[in-house]
Amino acid sequence: MTETKRYMVTSALPYANGPLHIGHLAGAYLPADIFVRYLRLMGEDVVFICGSDENGAAITIRAKMEGTSPQEIVDKYDKLIGETFKKIGIHFDKYHRTSSELHHQTSQDFFRVLNKNGEFVKKTSEQYYDVEAQQFLADRYITGTCPKCNHEEAYGDQCENCGSTLSPTELINPKSKLSGATPELRSTTHWYLPMDKYEEWLRPWIEDGTLNGEKHHEPNTWKSHVLGQCKSWLDGGLQARAMTRDLSWGVDVPQELEGSEGKKLYVWLDAPIGYISATKQWAIEQGEPDAWKKYWQDENSELVHFIGKDNIVFHCVIFPIILKAHGDYILPKNVPANQFMNLEGRKISTSNNWAIWVHEFVEDLPGMEDVLRYYMIKNMPEQKDSEFTWKSFQEANDSELVGNIANFINRVITLTNKYYDGIVPEIDINLAINNSIEENKPGNYSEEIELMLKHLDKIDQFIKGYDFRNALKEVMAISDLGNRLLQFNEPWKKIKTEPETVKTVLHLGLQIVGLLSGVSKPFLPFTSDKIQGLLNLPSLAENGGLASIKKSLMNGDSIVPSGHRINKQQHLFSRIPDKVIDAQIEKLNATLVSEPTYDPVKETATFDDFTKMDFRTGTIIEAEKIKKAKKLLKLTVDLGFETRTVVSGIAEFYTPEEVLGKEVVLLANLAPRKLRGVESQGMVLMAEDAQGKLGFVSPESGFGNGFTVR
RNA sequence: CGCGGGGUGGAGCAGUAGGUAGCUCGCCGGGCUCAUAACCCGGAGGUCGCAGGUUCGAGUCCAGCCCCCGCGUCCA
């Protein structure tokens, strides 16, 4: 491994078709921001890049829905997202856009090089084309009947009913999800990247961290779920993947290439290259147009991608292949992907509006940016999914931020003002004071400083290991240490009996406050500035500010020197009243009921169509869960004249106990079908609301079993 | 279904070379009063998903089963 001289850090490009929510922060942006801020504070050379991903079909679809143009959509969200990042204290060296001219050029040049190197294979295939919408359809945008189980709503890539993997052309009676029309097959030619060709170097790179026979990185520093997913892909066999698409909105395939009309670059080719074009733009703005090269092409640079887990294979397999195939680029040293953050027990969902939007948070709860950051870091889904709840948000604020760190700082500042009129007292290095570990145990000033430096080292290790939760805990541990120091030395008592001791203790306390300002800066940048304000010191230098604190402490120098005048105390954090939290919970719950979407009325059915169906009243007399199926219950329904076994997809909403004895309506003449090995003889009628929640359609209680519904 | 991750005191989590089960929050008792009922000390509370195997000894290794979450090629 080569020695690191500089860092190139990227955060996943947010897709410009919606605002940012807390899940985005937790996944890719906060961890990167902490990492970058810390490295800088320690004097490292870092470039931190991000930008809006503005290409692809989803944006054109969104534009159509809103009756506007794709350009207006991306302009709107690029602006909103960029502002949101600033407000929450996340600062990129460059926040760029993939709709920019520079990006188009950069990604096209990349494509040209790969093409010239002979990395692509051109292949023609038949794909479904929606004549009405005038576009080729991605697999997910085609539905039809599954050829294996006759399920009528199978997707073009798989059937959710029987789980088989499909290709769109296998579907019986395919329909476009865009227009509902029957798509037609048209032949289309694309440039494919035969990924299997690269397995030879990719596997040792991922599994052993070796590249070209040399050590590239330590694989056990990669997260287990990242390695797991990569291996799963390798073991499954890499396949050729189309690097171009038939789209209307995106980066054109270089026009001079034959057959390029109407073709755009594949999103996962174009988007990661956005990191590179953003760095180029940064370099231009620095006045050194070539400065980007050393970050992307020099072996002494450490490339790190912060992403969410849904992007793992693109950053660990596809993009590295592209970089290596190009030939001039370095590969990532790590891809610390985070898992997902859930919200109040549900998966965060943009489309269902189940989210905390960051721009709304900043408006609703002004001045609480760092509280959000703190809570998100404390609960960061580093190894597994985690949970955001407003109640625990409040609790973390009240007991940890207010009770621990703000309280400690307030105690020191208050005491200094009270006893010394705000002038930092002198120290006596040799004076015995109680240490901060245990009551009635002697210690001295230097030992306490050493203890603080140990915590600083731990923070360093944790951050470099992408363990931000534990790093944050160490910050809090320093505050704990300060609280104990005061407790065990009781300056409020000793001020009368041992005034010299109090001077030394408070001088030490102020150094701890100064250190807290430094170590909290990567996590709580706004708070760090406030602490500096309390100490009557300028904001810490973003470059090297913490390194110089460390140096001073190691040299035995004070970071808040004797004789310096500090400011009056002020609360760093405040308790959050219940009503504020309740209002947020209410706001969230309101999204569950507001704006229901209604299915359009289906095409007209004749009376005959209706009478073909035989609906009967019945009662559920037995119910059990079907193993290995998350949605299915096996029900036994009493129809009076006979009993039926019915497999029903309601397990997400009802337990077997709850449905026992339930009176229901059954479609009794539905063709029997096997589901998970159980034959289902009919279908229990359910109503489904806008959130997909199911409810029984039942006769009046005690109506009786077996009667016809009409 | 395939693949990946996970199931540890009320909640959230550590436990990465097998040897008395830890942390944060909450709860209970005590102390303190400089501080935003904050701070400090002590305590209760765990069959480490289930039933096996290897071992003198397993949360930690092996095979099996159950449950939760995610991914399966385009919404963190």
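Order of the sequence lines sets the chain letters (A, B, ...), proteins ahead of strands, with each chain counted from 1.
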Discussion item. We want to know whether A:H359 and A:T84 form a side-chain donor-acceptor pair, criterion being a heavy-atom distance below 3.5 angstrom.
Written reply: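 A:H359 vs A:T84: no donor-acceptor pair found between side chains.
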
Discussion item. For a quick check under 3.5 Å, do A:Y375 and A:N379 share a side-chain donor-acceptor pair by atom type?
Written reply: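 Yes, A:N379 and A:Y375 have a side-chain donor paired with an acceptor closer than 3.5 Å.
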
Worksheet item: Taking side chain as C-beta onward, heavy atoms only, is A:F35 less than 4.5 Å from A:Y466?
Response: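 SC-SC contact between A:F35 and A:Y466 confirmed.
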
For nucleotides 34-39 of chain B, print each protein N/O atom paired with a nucleotide N/O atom at under 3.5 Å, atom names and distance only.
{"from": "B:rC34", "atom 1": "O3'", "to": "A:K418", "atom 2": "NZ", "distance (Å)": "3.4"}
{"from": "B:rC34", "atom 1": "O2", "to": "A:R411", "atom 2": "NE", "distance (Å)": "3.0"}
{"from": "B:rC34", "atom 1": "N3", "to": "A:R411", "atom 2": "NE", "distance (Å)": "3.0"}
{"from": "B:rC34", "atom 1": "N3", "to": "A:R411", "atom 2": "NH2", "distance (Å)": "2.6"}
{"from": "B:rC34", "atom 1": "N4", "to": "A:R411", "atom 2": "NH2", "distance (Å)": "2.8"}
{"from": "B:rA35", "atom 1": "O3'", "to": "A:N410", "atom 2": "ND2", "distance (Å)": "3.4"}
{"from": "B:rA35", "atom 1": "O2'", "to": "A:N407", "atom 2": "ND2", "distance (Å)": "2.7"}
{"from": "B:rA35", "atom 1": "O2'", "to": "A:N410", "atom 2": "ND2", "distance (Å)": "3.2"}
{"from": "B:rA35", "atom 1": "N3", "to": "A:N407", "atom 2": "OD1", "distance (Å)": "3.3"}
{"from": "B:rA35", "atom 1": "N3", "to": "A:R411", "atom 2": "NE", "distance (Å)": "3.1"}
{"from": "B:rU36", "atom 1": "N3", "to": "A:F573", "atom 2": "O", "distance (Å)": "2.6"}
{"from": "B:rU36", "atom 1": "O4", "to": "A:L572", "atom 2": "N", "distance (Å)": "3.3"}
{"from": "B:rU36", "atom 1": "O4", "to": "A:F573", "atom 2": "N", "distance (Å)": "3.4"}
{"from": "B:rU36", "atom 1": "O4", "to": "A:F573", "atom 2": "O", "distance (Å)": "2.6"}
{"from": "B:rA38", "atom 1": "OP1", "to": "A:R575", "atom 2": "NH2", "distance (Å)": "2.6"}
{"from": "B:rA38", "atom 1": "O5'", "to": "A:R575", "atom 2": "NH2", "distance (Å)": "3.2"}
{"from": "B:rA38", "atom 1": "O3'", "to": "A:G403", "atom 2": "O", "distance (Å)": "3.0"}
{"from": "B:rA38", "atom 1": "O2'", "to": "A:G403", "atom 2": "O", "distance (Å)": "2.8"}
{"from": "B:rA38", "atom 1": "O2'", "to": "A:N407", "atom 2": "OD1", "distance (Å)": "2.9"}
{"from": "B:rA38", "atom 1": "O2'", "to": "A:N407", "atom 2": "ND2", "distance (Å)": "3.4"}
{"from": "B:rC39", "atom 1": "O2'", "to": "A:R411", "atom 2": "NH1", "distance (Å)": "2.9"}
{"from": "B:rC39", "atom 1": "O2'", "to": "A:Q487", "atom 2": "OE1", "distance (Å)": "3.2"}
{"from": "B:rC39", "atom 1": "O2", "to": "A:Q487", "atom 2": "OE1", "distance (Å)": "3.2"}

Rounded to whole Å, please give me the gap between [atom1] in [X] and [atom2] in [N].
X      : N      : atom1 : atom2 : answer
A:L227 : B:rU16 : CG    : P     : 17 Å
A:L472 : B:rC13 : CG    : C1'   : 14 Å
A:W222 : B:rU16 : CH2   : C1'   : 18 Å
A:M380 : B:rG12 : CE    : C1'   : 15 Å

Could you tell me whether the side chain of [X] and the main chain of [Y] form a donor-acceptor pair under 3.5 Å?
X      : Y      : value
A:E54  : A:S99  : yes
A:H24  : A:L20  : no
A:H507 : A:P425 : yes

With [atom1] as the reference atom in both, quote the distance from [N] to [M] in angstrom, rounded to an integer.
N      : M      : atom1 : result
B:rG45 : B:rA11 : C1'   : 13 Å
B:rU20 : B:rG57 : P     : 15 Å
B:rU60 : B:rU16 : C1'   : 10 Å
B:rC13 : B:rU8  : P     : 9 Å
B:rG7  : B:rA14 : P     : 7 Å
B:rC39 : B:rU33 : C1'   : 9 Å
B:rU36 : B:rG46 : C1'   : 35 Å
B:rG9  : B:rA51 : P     : 15 Å

Discussion item. Please classify the nucleic acid contact of A:Y29 as base, sugar-phosphate, or nothing, using heavy-atom distances under 4.0 Å.
Written reply: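 Answer is nothing: A:Y29 stays at 4.0 Å or more from every strand.
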
Worksheet item: Is A:M341 touching bases, backbone alone, or none of the nucleic acid, heavy atoms closer than 4.0 Å?
Response: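 It contacts base atoms.
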
Worksheet item: Is it true that A:D370 and A:K530 have a side-chain N and a carboxylate O under 4.0 angstrom from each other?
Response: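 Looking at A:K530 together with A:D370, the answer is no, because their closest N to O distance does not fall below 4.0 Å.
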
Worksheet item: Is the shortest distance from a Lys or Arg side-chain nitrogen in A:R203 or A:E207 to a carboxylate oxygen in the other one below 4.0 Å?
Response: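 Answer for the salt bridge query: yes.
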
Practice prompt. Return the minimal non-hydrogen interatomic distance between A:S11 and A:F48, and the atom names on each side.
Written response: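 A:S11 and A:F48 have their closest heavy atoms at OG-CE1, 3.6 Å.
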
Discussion item. Taking the nucleotide of RNA chain B with the nearest heavy atom to each, does A:N17 or A:K493 sit closer to the 5' end?
Written reply: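 This one resolves to A:K493.
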
Worksheet entry | Closest-nucleotide 5' rank along RNA chain B - winner of A:E400 and A:N311 |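 Result: A:E400.
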
Fill in: Dot-bracket summary - RNA chain B, pairs being Watson-Crick or G-U whose distances fall under 3.5 Å, with | when paired to another strand
((((((((.[[[[.)...(..]]]].(((((.......))))).....[[.[[..)....]].]])))))))....

Discussion item. Before we go on, tell me: are the rings of A:H305 and A:F319 under 6.0 Å apart, centre to centre?
Written reply: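 Aromatic pair counts; centres sit under 6.0 Å.
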
